[in-house]
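For reference, the structure is listed below as structure tokens.
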Amino acid sequence: MKAVCPGSFDPVTMGHVDIFERAAAQFDEVTVLVTANPHKNSGLFSVEERKDLIARSVAHLGNVRVDNWGGLLVDYTTAHRVTALVKGLRSSLDYEYELPMAQMNRRLSGVDTFFLLTDEKYGYISSTLCKEVARYGGDISGLLPPHVAEAVRAKYA
């Protein structure tokens, strides 16, 4: 069974990597899909930079690949015969945000969304918070894969 983990991943965090690893254990093939979010600003990293950072973060997972898409997610899932979406949930706020999208995706394409609860050690981590901490010189060690933390620091240097 093929699954997609969609998101902006600007940047990819340890919480994201945990979800990718857990999805890889459940599905035959997992694609981490860098998508455009119209509600977020342009981003710290380009799509290509994000793809590279993610690829390096999941290199240890043989059934995970990285791609990007700028259109409707259901068009991607249909074109690539994907049967499942996988999303991580940190809190009920994430659920409230994700639920209508999951229902619309199912209505449009029949694809099901699987929600994985974030490991409690990553529940407070978000890409936005990591960027904010880094912007002001705070320690982001352990929140992001080491090569990603280095790339974030370099952006704010």
Side-chain angles (χ1 to χ4, degrees), residues 1-132 143-145 147-148 151-152 155:
M1 202 151 83
K2 291 182 181 181
V4 164
C5 295
S8 55
F9 310 117
D10 186 41
V12 64
T13 70
M14 292 304 296
H16 292 134
V17 173
D18 178 60
I19 295 297
F20 305 155
E21 290 171 342
R22 291 164 56 202
Q26 299 299 319
F27 294 94
D28 300 320
E29 182 182 315
V30 175
T31 300
V32 178
L33 190 67
V34 179
T35 59
N37 184 335
H39 302 294
K40 293 186 180 180
N41 294 333
S42 60
L44 183 63
F45 293 101
S46 71
V47 169
E48 288 306 315
E49 288 172 319
R50 292 179 217 181
K51 286 174 59 180
D52 178 61
L53 292 170
I54 295 165
R56 291 176 59 196
S57 300
V58 298
H60 63 289
L61 301 170
N63 63 333
V64 177
R65 67 185 197 90
V66 183
D67 200 359
N68 66 283
W69 187 253
L72 282 177
L73 183 56
V74 294
D75 291 339
Y76 183 92
T77 60
T78 300
H80 292 87
R81 297 182 183 176
V82 172
T83 56
L85 299 174
V86 176
K87 302 289 290 215
L89 298 178
R90 293 170 295 195
S91 71
S92 61
L93 294 175
D94 284 347
Y95 177 76
E96 292 295 326
Y97 177 79
E98 295 291 346
L99 178 63
M101 287 189 291
Q103 292 171 326
M104 182 61 77
N105 288 334
R106 188 159 199 296
R107 181 184 181 280
L108 292 174
S109 70
V111 69
D112 281 313
T113 300
F114 292 79
F115 294 118
L116 293 177
L117 300 179
T118 302
D119 187 304
E120 67 272 4
K121 66 185 170 192
Y122 302 124
Y124 65 96
I125 299 173
S126 73
S127 297
T128 302
L129 283 175
C130 290
K131 289 185 285 192
E132 189 73 9
L143 305 177
L144 308 168
H147 67 280
V148 176
V152 170
K155 289 281 187 178

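Everything quoted here is computed from the prediction, not taken from an experiment.
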task = Give a yes or no on whether the backbone of Arg65 and the side-chain of Thr31 come within a donor-acceptor separation of less than 3.5 Å.
result = no
When rounded to the nearest 0.5 Å, the distance separating NZ of Lys131 from NZ of Lys155 is 11.0 Å
query = Is there a donor-acceptor pair closer than 3.5 Å between any side-chain N or O of Lys51 and the backbone N or O of Asn68?
reply = no
Please check: side-chain N/O of Asn63 versus main-chain N/O of Phe27, any donor-acceptor pairing under 3.5 Å? yes
Minimal heavy-atom distance between His147 and Leu53, with the atoms involved, is NE2-O, 3.0 Å
For this session: Please tell me if the side chains of Cys5 and Lys87 come closer than 4.5 Å, counting only heavy atoms from C-beta onward.
Result: no
Any donor-acceptor N/O pair, Arg50 side chain to Asp10 backbone, under 3.5 Å: no
Taking every heavy atom of Lys121 against every heavy atom of Tyr124, the minimum-distance pair comes out as O-CE2, 3.5 Å
Closest non-hydrogen contact found for Ala102 with Thr113 is CB-OG1, 3.5 Å
Practice prompt. Say whether, by atom type as modelled, one donor and one acceptor occur between the side chain of Ser127 and the main chain of Pro11 under 3.5 angstrom.
Written response: yes
Value for CE (Met104) from OG (Ser109), rounded to nearest 0.5 Å, stands at 11.0 Å
Quiz item: Could you walk me through whether Ser57 and Val148 pass the side-chain contact (heavy atoms from CB on, under 4.5 Å) check?
Solution: CA-CA 8 Å; Ser57 300; Val148 176; 3.9 Å; yes
*Can you tell if the side chain of Asp75 reaches within under 4.5 Å of the side chain of Trp69, non-hydrogen atoms only?*
yes
One should read off an interatomic distance between Tyr76 OH and Thr35 OG1, to the nearest 0.5 angstrom, of 11.0 Å
Looking only at heavy atoms, the pair that brings Val64 and Ala24 closest together is CG2-CB, 3.7 Å
- Under 3.5 Å, is there a donor-acceptor pair between the side chain of Arg90 and the main chain of Thr118? no
Taken to the nearest 0.5 Å, the spacing of Leu99 CG from Asp94 CG works out to 12.5 Å
Legend entry - Backbone of Met101 reached by a side-chain donor or acceptor of Asn105 within 3.5 Å: yes
Exercise for the section: Begin from the C-alpha positions of Asp112 and Phe114 and carry the test side-chain contact (heavy atoms from CB on, under 4.5 Å) through to its verdict. Expected result: CA-CA 7 Å; Asp112 281 313; Phe114 292 79; 4.0 Å; yes
Separation between OG (Ser8) and CG (Leu44), nearest 0.5 Å, reads 11.5 Å
*asked:* Are there over 12 heavy-atom neighbours, none belonging to Tyr95, within less than 6.0 Å of that residue's OH?
replied: no
**Message:** Please check: side-chain N/O of Ser91 versus main-chain N/O of Leu93, any donor-acceptor pairing under 3.5 Å?
**Reply:** yes
>> If you apply the rule side-chain contact (heavy atoms from CB on, under 4.5 Å), what do you find for Leu143 with Leu129, and how did you get there?
In response: CA-CA 10 Å; Leu143 305 177; Leu129 283 175; over 6 Å; no
To the nearest 0.5 Å, atom CD1 of Ile19 lies from atom CG of Leu117 at 8.0 Å
request  = Look only at the side chain of Asp28 and the backbone of Met1, and say whether a donor-acceptor pair between them is shorter than 3.5 Å.
outcome  = yes
With a 4.5 Å cut-off on side-chain heavy atoms, are Val58 and Val66 touching? yes
ask   = Does a side-chain heavy-atom distance below 4.5 Å link Phe20 with Val12?
value = yes
_I want to check something: taking the side chain as every heavy atom from C-beta on, are Ser126 and Thr13 in contact at a cut-off of under 4.5 Å?_
no
When every non-hydrogen atom of Ala23 is compared with those of Leu116, the smallest separation belongs to N-CD1, 4.2 Å
